[in-house]
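Here is the structure we will look at, set down as structure tokens.
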Amino acid sequence: MLVPHLKDRPFTMRRYPDGAYGKAFFQKDAPKGMPEWIPTARIQVTSRDKPRTKRWINAPLVNDELALLWMANMGCIDMNAWYSRVDKLDRPDFVLFDLDPSPDVGFEETVQVALYVKEALDALGLASFAKTSSAEGMHVLVPIERRHTYDDTRRFSEVVAGAIARSYPKLATTQWSKAKRRGVLIDANQNGEGKTIASAYSVRPRPGAPVSTPLRWDEVKSGLDPAQFTMDVVQQRVAQYGDLFEGVLTTRQRLNDALKALA
DNA sequence: GGAAGTC
DNA sequence: GACTTCCAACGCTTC
DNA sequence: GAAGCG
């Protein structure tokens with residue numbers, strides 16, 4: 001279920017060599033010694049040194065279960081990949097609404113904001129898909145045609161997030177600075193080239209090992225508990241429902257009309 | 001966890 | 001030989 | 001414009 005959501009996307013390894021609670025580090029350039037049967041994409045990324053330079057890296061592509069197993073064996077727990085695929089790196093497959101509760105609110109409020117996001121997207125005629133992200137957060141994905149740029153998707157999510165924050169100021173915010181933030185952050189800034197998201201069905205390195213779990217929208221309601229989605233529970237869900245995120249990979253929607261309606 | 005750089 | 005460091009980087013605010 | 005930060 002997991003592999004299709006990683007297929008052909010530059011994969012950023014997040015390794016926990018000392019286990020889920022030890023020090024972790026990111027590694028986007030394929031380590032030497034990675035077997036040749038794991039394909040790579042030669043891509044250019046910006047480095048963080050003072051004069052921002054571009055450098056070429058070999059990004060691993062987790063395209064089958066054996067590659068996924070190899071990553072797990074390298075200490076990867078959450079599986080992080082780009083929003084776009086290697087054949088069109090600058091065209092993301094979806095817009096992400098990353099919902100992150102501040103310390104003053106919890107999952108209950110996050111669920112409510114997720115419903116507001118869906119409501120707004122429904123009004124724009126856009127189908128969306130929800131999953132738990134970590135212990136407290138939610139991800140709402142809007143699959144799109146590969147015609148829009150990351151700049152398009154970021155501006156779109158900014159507009160939608162801003163509208164929701166203004167409509168529900170007690171509950172939702174776009175305030176970046178943590179000190180001034182109250183309520184659930186709708187983080188539009190997570191839409192950008194080179195940014196990654198923990199995929200559907202990723203296990204999180206947290207107590208209880210919760211899984212980022214695709215949900216039916218009718219499950220997104222008061223009382224939903226993200227901690228209930230343990231690995232065995234999610235395996236049962238997959239057996240019962242199949243991949244609730246299949247639509248993310250198959251739905252193609254145009255943002256233009258929605259953007260126009262907002263302009 | 002492992003390579004590479006520093007003493 | 002032992003110890004340390006490196007394995008990412010966006011776009012906002014701030015100075 | 002560089003640096004700090006979530």
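A note on names: the letters A, B, ... follow the listed sequences, proteins ahead of strands, and every chain is numbered from 1.
- The side chain of F26(A) has dA8(C) as its nearest neighbour among dG11(C), dC10(C), dA8(C).
- Note on D187(A): nothing from the nucleic acid sits closer than 4.0 angstrom, heavy atoms only.
- Summarising the geometry, the separation between CZ on R155(A) and C1' on dG11(C) is reported as 15 Å, rounded to the nearest angstrom.
- Side-chain atoms of T213(A) and K131(A) form no donor-acceptor pair, as typed in the model, at a separation below 3.5 Å.
- Distance CD1 (I57(A)) to P (dA9(C)): 7 Å, rounded to an integer number of Å.
- In this structure, D100(A) atom CG and dG6(D) atom C1' are separated by 9 Å, rounded to whole Å.
- Atom C1' of nucleotide dA8(C) and atom CD of Q44(A) are separated by 16 Å, given to the nearest angstrom.
- Atom CG of N58(A) is separated from atom P of dA8(C) by 12 Å (rounded to the nearest Å).
- Comparing the P positions of dG6(D) and dT4(C) gives an interatomic distance of 28 Å, to the nearest angstrom.
- For the pair R9(A) and W82(A), the cation-pi test (distance below 6.0 Å, angle within 45°) is failed.
- With rounding to the nearest 0.5 Å, the separation of CD in Q27(A) from CE in M74(A) is 6.5 Å.
- For T173(A) (side chain) and P169(A) (main-chain N/O), no donor-acceptor pair under 3.5 Å exists by modelled atom type.
- Of the two residues near DNA chain C, Q175(A) and G194(A), the one whose nearest nucleotide lies more 5' is G194(A).
- As a whole-Å value, the separation of E193(A) CD from dA9(C) P is 12 Å.
- For the pair E158(A) CD and dC10(C) C1', the interatomic distance rounds to 12 Å; values are reported in whole Å.
- Atom CG in L185(A) sits about 16 Å away from atom P in dG11(C), given to the nearest Å.
- Phosphate contact (OP1/OP2 of dC10(C), side-chain N/O of R154(A), threshold under 4.0 Å): absent.
- Residues satisfying the side-chain contact (heavy atoms from CB on, under 4.5 Å) test with E136(A), not counting sequence neighbours, are P101(A), F107(A).
- A cation-pi arrangement is absent between R15(A) and F26(A) under the rule of less than 6.0 angstrom and at most 45 degrees off the ring axis.
- Rounded to whole Å, the separation between the C1' atoms of dA3(B) and dA9(C) comes to 22 Å.
- When heavy atoms are screened at a 4.0 angstrom cut-off, K28(A) is found touching the sugar-phosphate backbone but no base atom.
- Comparing the P positions of dG1(B) and dG11(C) gives an interatomic distance of 35 Å, to the nearest angstrom.
- No engagement by Q190(A) is indicated, since no non-hydrogen atom pair under 4.0 Å with the nucleic acid exists.
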For nucleotides 1-5 of chain B, list the nitrogen or oxygen atoms of the protein found under 3.5 Å from its nitrogen or oxygen atoms, one pair per line.
| residue | atom | partner | partner atom | Å |
| --- | --- | --- | --- | --- |
| dG1(B) | OP2 | P17(A) | O | 3.0 |

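- Which of dC12(C), dC10(C), dA8(C) sits closest to the side chain of R55(A) comes down to dA8(C).
- Under the 3.5 Å distance criterion, with hydrogens and angles disregarded, no donor-acceptor pair is assigned to the side chains of E193(A) and S84(A).
- Results of the salt bridge (Lys or Arg N to Asp or Glu O under 4.0 Å) test with E145(A) over R254(A), R252(A), R91(A) single out R254(A) as the only residue that passes.
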